[in-house]
Amino acid sequence: MYSYCCFLVFLFNICLCEDIINNKRFPSDFIFSVGTSAYQIEGGWNEDGKSPSIWDTTVHSNPAFIEDSSNGDIACDSYHKIEEDVAIIKELGVTHYRFSIAWTRILPNGIGEVNEAGVAHYKKLIKELKNNGISPFVTIFHWDIPQVLQDMGGILNSSFVSWYSDYARECFNRFGDDVGYWITFNEPQQICTGGYGSGVFAPAVKSEGLLEYLCAYQVVKAHAKAWHIYDSEFRSKQNGKISIALDTLAFVPASSSPSDKEAANRMLHFTLGLYANPIFLGDYPYVIKARIAARSAAEGRNRSRLPEFTQDEIDYIRGTHDFFGLNAYSAFVIEAIEDPPVQNPPSTWQDQGVNIYIPSHWEGTAQYHFVVVPWTIRPLLNWIKNTYNNPGIIITENGYPSKGDKDDRREYYIRGYLSYIRDAMIEDDVSVLGYSVWSLMDNFEWTLGYTLKYGLFNVDFSSANRTRTIRPSGEFYKKVIQTRCLVENCVE
Ligand SMILES: *[C@@H]1O[C@H](CO)[C@@H](O)[C@H](O)[C@H]1NC(C)=O
Ligand SMILES: *[C@@H]1O[C@H](CO)[C@@H](O)[C@H](O)[C@H]1NC(C)=O
Ligand SMILES: *[C@@H]1O[C@H](CO)[C@@H](O)[C@H](O)[C@H]1NC(C)=O
């Protein structure tokens, strides 16, 4: 069905395959998960010894940074609602729950002394999950670096690698006996390009084409160190798996011309390859390395704006993965253009050197530039399979934003993604091991505050109880998990 129907889609951007849903059951060991992150749901921002993270300080000092001037001080109040949260997770019937640990609860000074109250919180959550038959899928870092470390340069300080890996070791040490899956970093592209390129996320540093690449270099090194610590000190006792969750849009070439295809491929390398190549293959993708080096030289710099790994670093980072974590939500069309002229200061866009657009007939959502194009996941999964030697892939995030309405489109979106994922598994032999919906419930959506809702559960933010109510899309996901099937009657 893909080869004909979606081939047409690919070429002419016509969606003919809307209603063809895969009818083969998912494997019995397929991971069905749902996700959240600490700052977005917990609240309790200064309780039990927790120190502020960069998100606490940003929202407090600059409320206008957030669309509705809100913050995560209370959020879903999950810090006080472990039983309630686990009950709704159980109601969905997921095999795994993906959540993150707040560094500021475990090590309020960023390094050094452990805050036992913070450890106790996550121990309690993990125990409650396990008592209910749900496996924890734990993100070590989901954007909330302690402010005390930010004051010393944060991710850009060369000490970050040891700050982070010491914190990760503490997580393995305290929780690892009960954790089967670890994620070192959630979405380094958002951390680095958002935090140090465009500046749209905390710490809101604008340094396109410069500090965003230094950040990427630092994050990859910190990831690798944490992986090695797990591998050498914990794996034999704890038997878990550890990797990183990388995000990218799918990039659809504007035409079948070699130049448009090459441009789309290059964009994937700028978003995904910048992180995935060092980890899965060794070193940055040649196309990025060469482009940034050449443009840097033309700008009169004596070295590339993309820091280089030493050979020892390349060897140390290569192979630091146990699966491929992919956050995938939306897509752009990519068109080749003439190379933009060299300029100072540099820009990410000029480095990438492509034209990006969204065709007007693609269905939009409540989020700017976010479109509903589930079919684009299949070529993306194939690209990962072919580029990175067929790794086991876990879709660590996928979900639909609305203003609280259009829940039927959320159901359509999730069904569509799962269907194309299943097609890729069966027809293209892509190894997809699991899928996690973002998000369990509506939460603090970073700069968009509470204006945007991703939840399978609605949260009533006007009630002190933050009452959670399942949406029809949640009922739908529950049924999919129960039957491991996307249609009324599956064949095996
Ligand atoms: C980087 O961290 C070290 C401690 O490891 C600190 O002494 C130094 O001042 C930090 N650098 C910056 C620029 O803050
Ligand atoms: C390279 O450029 C940097 C920054 O402009 C400068 O500090 C450094 O001395 C230069 N190095 C060489 C070898 O020219
Ligand atoms: C809030 O939750 C408590 C405990 O579950 C319950 O007793 C109370 O009635 C709830 N209040 C509202 C307004 O829902």
Side-chain angles (χ1 to χ4, degrees), residues 39 49-62 65 101-115 118-119 140-174 184-186 188-230 232-233 244 274-275 278 292 296 301-310 312-313 316-317 320 345-346 348:
Y39 186 68
K50 179 185 172 294
S51 69
S53 75
I54 55 171
W55 276 91
D56 291 305
T57 52
T58 300
V59 298
H60 290 155
S61 65
N62 182 12
F65 196 66
I101 293 176
W103 189 337
T104 49
R105 292 195 197 280
I106 307 298
L107 299 169
N109 299 318
I111 56 175
E113 201 177 334
V114 175
N115 174 32
V119 171
I140 298 168
F141 181 81
H142 201 122
W143 306 8
D144 46 357
I145 185 171
Q147 183 63 43
V148 284
L149 296 182
Q150 191 64 38
D151 294 343
M152 295 197 292
I155 290 174
L156 304 189
N157 190 314
S158 60
S159 297
F160 176 76
V161 175
S162 55
W163 296 338
Y164 172 81
S165 56
D166 286 351
Y167 159 57
R169 178 188 282 108
E170 204 58 50
C171 292
F172 305 144
N173 192 21
R174 299 302 189 108
T184 53
F185 287 88
N186 182 66
Q189 187 198 186
Q190 301 302 317
I191 296 170
C192 293
T193 293
Y196 292 93
S198 61
V200 297
F201 292 142
V205 176
K206 288 186 179 41
S207 176
E208 288 194 21
L210 272 169
L211 295 184
E212 64 177 316
Y213 296 143
L214 177 58
C215 170
Y217 168 81
Q218 289 282 94
V219 167
V220 167
K221 289 205 295 183
H223 156 83
K225 181 143 191 211
W227 188 92
H228 279 290
I229 287 172
Y230 188 80
S232 60
E233 300 174 30
I244 190 166
L274 185 62
Y275 304 94
I292 299 175
S296 301
R301 297 171 197 273
N302 58 19
R303 63 170 81 106
S304 178
R305 289 183 271 105
L306 181 65
E308 284 180 21
F309 293 120
T310 64
D312 282 351
E313 287 173 338
Y316 182 77
I317 296 164
T320 56
T348 323

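Every number for a ligand or one of its atoms is a count from 1 in the order of the listing. One is the number of the first residue; the rest follow in order along the sequence.
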Nearest neighbour in protein (non-hydrogen) for [atom]:
| atom | answer |
| --- | --- |
| atom 11 (N) of ligand 1 | N157 ND2, 2.8 Å |
| atom 4 (C) of ligand 1 | S159 OG, 3.9 Å |
| atom 14 (O) of ligand 1 | M152 O, 3.1 Å |

Would you compute the distance between atom OH of Y39 and atom OG1 of T104 and round it to the nearest 0.5 angstrom?
10.0 Å

Please work out whether the ring planes of F65 and W55 are parallel, tilted or perpendicular, with thresholds of 30° and 60°.
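Answer is tilted, since the angle falls between 30° and 60°.
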
Just wondering, more than 12 heavy atoms not from E233 lying within 6.0 Å of its CD?
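More than 12 heavy atoms, drawn from other residues, nucleotides or ligands, come within 6.0 Å of this atom.
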
Ligand 1 versus W163: contacting region, heavy-atom distance under 4.0 Å
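Looking at W163 and ligand 1, just side chain atoms fall under 4.0 Å.
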
Got a protein heavy atom sitting under 4.0 Å from atom 2 (O) of ligand 1?
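At least one protein heavy atom is under 4.0 Å away.
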
Quick one: are Y275 and F185 in side-chain contact, heavy atoms under 4.5 Å?
no

How close do I145 and F141 get, counting heavy atoms only, and between which atoms?
N-CE1, 3.5 Å

